[in-house]
Enquirer: 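Please read through the structure below; I'll follow up with questions.
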Amino acid sequence: MNASLKPNDWNALPDADGRFGDYGGRYVAETLMPLVLDLDKAYAEAKADPEFQAELAGYLKHYVGRPNPLYFAERLTAHYGGAKIYFKREELNHTGAHKINNCMGQILLAMRMGKTRIIAETGAGQHGVATATVCARFNLPCVVYMGAVDVERQKPNVFRMNLLGAEVRPVTSGAATLKDAMNEAMRDWVTNVHDTYYLIGTAAGMHPYPAMVRDFQAVIGQETKAQILEIEGRLPDAVVACVGGGSNAIGMFHPFLADESVKIFGVEASGHGLNTDKHAASLTGGRPGVLHGNKTYLLQDDDGQILDAHSISAGLDYPGIGPEHAYLHDIGRAKYLTCTDDEALAAFQLCAELEGIIPALESAHAIAKLPEVVKEVGKDGVVVLTLSGRGDKDIFTVAEALGRKI
Amino acid sequence: MTTYRDGTRISRAFHRENDHRALFVAYIMAGDPDLETSFEILKGVADEADIVELGMPFSDPMAEGPTIQLAAQRALKAGTKMKDVLGLVRRFRETDTVTPIVLMGYLNPVLSYGFEAFANDASDAGADGLIIVDCPPEEADALTDALEAAKMNLIRLATPTTDDRRLPTVVKRTSGFVYYVSVAGVTGVKEADADAVAKPVQRLREASGLPVAVGFGIKTPERAAEVARVADGVVVGSALVDEIAGALETGSNENVTERVLSKAAALAKAVRSARSRGA
């Protein structure tokens, strides 16, 4: 770990240029630069405004359903035979995932800025549904870009977005997944800068998004901290979360960064395996570069062309990762493990059978690595895992992978 | 009339005595539809254009409309690498030592190549300038250092959203010319309004002391001529690249070059006959 970085300094990152060490920044077309700078200013003001924070807290409590429980997963704990395993139940939030925490924060900010049109990109559809939800709630028109492949494999979420009044625009360029949806959203934004707010769903992209999304998701770790202190009377020995862009993970990790006794584990999707070209593990299998407005680890070829990611989970199917994760990886504050499609599928079923909870395929990646995490902290340890979303949306994907017909 | 001269190919092109007209800047994508054909197109287009912008294909061109995006996909599918792009420039310089070449693309391939190595190799090959769409001035210092050391121009973009607060930042350390993106949007979709660009072009000229070329949203000879009346240069890209896509669609690979050059000739004529530059 970087010796010059004192525990209390974690909130000082990113710096004024949006940097976490070498990562982050604002690599956008000139058309967007003034907008991004305005957003930075507007967010800084909102963040410091008690009225904004109170309004957000009110909606989180009464609309989203926070605080959600910290649940002792007794049977999984017995199954693995080691440390106590707790789930932070983000899947119990309204709309079924952690995504709504961030959407609620950003929609209030967008309205404060006088924006009248919302765009978003989505992979699995969870962020799209959450965005469509807040747009319905606050009566703002909403366009969601989604890779055509994802539109196909996440049909229930597309239907949900339509019910909520959002327009879903399938994107056919590239591999027609999340990265291509993000390109298309940026094209829309650059064309409609005057009235449009781009509601980014993960802790990546140009500054201030990585910091802003982290702040809105940090409620996960803050609640966890209070809850585990109440239940166990001490901090956990480890926290663990799946990482695609990394918003649920950074939301859990960030409030624990200064607690040096807490080990931090992120789990990347390694798809068919790291030794194949079908994975989404940008930290473990990629190298630093610039895409979608930030410098971070990316899957790319020798020539700097971005590679298509693969994961059975549409929400992890992204060739990049939030810049704060890139930094935590480099300095060693967080450890990033990898999980294959097959391991995630097995964990998906195990969790359903043992706990009566069908987890999102994304979260199943984190569950699959519990044996490693549990081993690291020992038998008397306490582990908290972010159950980032529920798996209803994934039943078709899982059924197909298991060769079963619904 | 701008008075900036630094002896580079770009400034010479803008400063031809007794020829005070707007320059025609043609954009084509390196490697589209394949390396050999794009070399033929490059050579031919340079006969019509005063400056050639040579696109470096990128997998995720966030600021491009469908036309340029598809061109990049064709080029990458044909196996075009960064060294091939520089190879095209090198071959071009064997027969043409006058027409400036400005490379245009996205940051990651250049970052991956290494700023210094890229600046040196591009300069050696005979490229004159570089435009990086997703590298605003705030992030450009390291790249600018490398380009300046290799005596290449870094051409900055200004847009309708570039307000007075940002203007000094945008023009700082820019050289060659300033590229004014005439519409808020991606390439080749919205149409540029010649009346609306006159004022910002003048403002940019004054702030930078450099010529100003206008691009994005100029597709027809008529529109090119209108913009040529108020700008120092007129950039046309999508309309040329559309000809490649059109020729490929009809399944006749032979007339790809012909179609592009015929379009370039019509645009060049329109720009040249428009009026004298900066008067």
Enquirer: With a 4.5 angstrom heavy-atom cut-off, which part of B/R156 approaches chain A: side chain, backbone, both or neither?
Expert: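 Contact with chain A: none, neither part.
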
Enquirer: For B/A158, is it the side chain, the backbone, both, or neither that has a heavy atom closer than 4.5 Å to a heavy atom of chain A?
Expert: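 Just its backbone gets close to chain A.
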
Enquirer: Checking side chain to side chain contact (heavy atoms under 4.5 Å, CB included) for the pair A/Y27/B/I132: CA distance, chi angles, key distance, verdict?
Expert: CA-CA 10 Å; A/Y27 297 91; B/I132 296 290; over 6 Å; no

Enquirer: Which answer fits B/L70, side chain, backbone, both or neither, if we ask what part of it has an atom under 4.5 Å from a heavy atom of chain A?
Expert: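 When you check distances to chain A, no heavy atom of B/L70 falls under 4.5 Å.
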
Enquirer: Under 4.5 Å heavy-atom distance to chain A, tell me which part of B/Q69 shows up: side chain, backbone, both or neither.
Expert: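 Side chain only.
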
Enquirer: List the steps, then state whether side chain to side chain contact (heavy atoms under 4.5 Å, CB included) holds for A/E30 with B/T162.
Expert: CA-CA 7 Å; A/E30 175 60 27; B/T162 308; 3.2 Å; yes

Enquirer: Side chain, backbone, both or neither: which part of B/V110 has an atom under 4.5 Å from a heavy atom of chain A?
Expert: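 Neither the backbone nor the side chain of B/V110 comes within 4.5 Å of chain A.
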
Enquirer: Kindly say whether A/I306 contributes a backbone atom to a donor-acceptor pair with the side chain of B/S59 at under 3.5 angstrom?
Expert: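 Such a contact is found between B/S59 side chain and A/I306 backbone.
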
Enquirer: What part of A/H292 lies closer than 4.5 angstrom to a heavy atom of chain B: side chain, backbone, both or neither?
Expert: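 Backbone plus side chain of A/H292, per the 4.5 Å heavy-atom cut-off to chain B.
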
Enquirer: May I ask you to decide if A/V290's main-chain N or O and B/N108's side chain share a donor-acceptor pair within less than 3.5 Å?
Expert: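 Yes; judged by distance alone, with no hydrogens or angles, the pair exists.
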
Enquirer: Could you tell me which portion of A/D188 (side chain, backbone, both or neither) has an atom closer than 4.5 angstrom to a non-hydrogen atom of chain B?
Expert: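 Looking at A/D188, nothing touches chain B.
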
Enquirer: Name the region of B/Y113, side chain, backbone, both or neither, that has any atom closer than 4.5 Å to a heavy atom of chain A.
Expert: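 Contact with chain A: none, neither part.
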
Enquirer: Side chain from CB out, backbone as N, CA, C, O: work out which of these in B/P160 comes under 4.5 Å of a heavy atom of chain A, or both, or neither.
Expert: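 Neither part; nothing is under 4.5 Å.
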
Enquirer: With a 4.5 Å cut-off on side-chain heavy atoms, are B/P137 and A/M33 touching?
Expert: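 Side-chain contact under 4.5 Å: no.
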
Enquirer: Measuring heavy-atom distances to chain B, does A/L298 have an atom under 4.5 Å in its side chain, in its backbone, in both, or in neither?
Expert: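 For A/L298, the contact with chain B is made by the side chain alone.
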
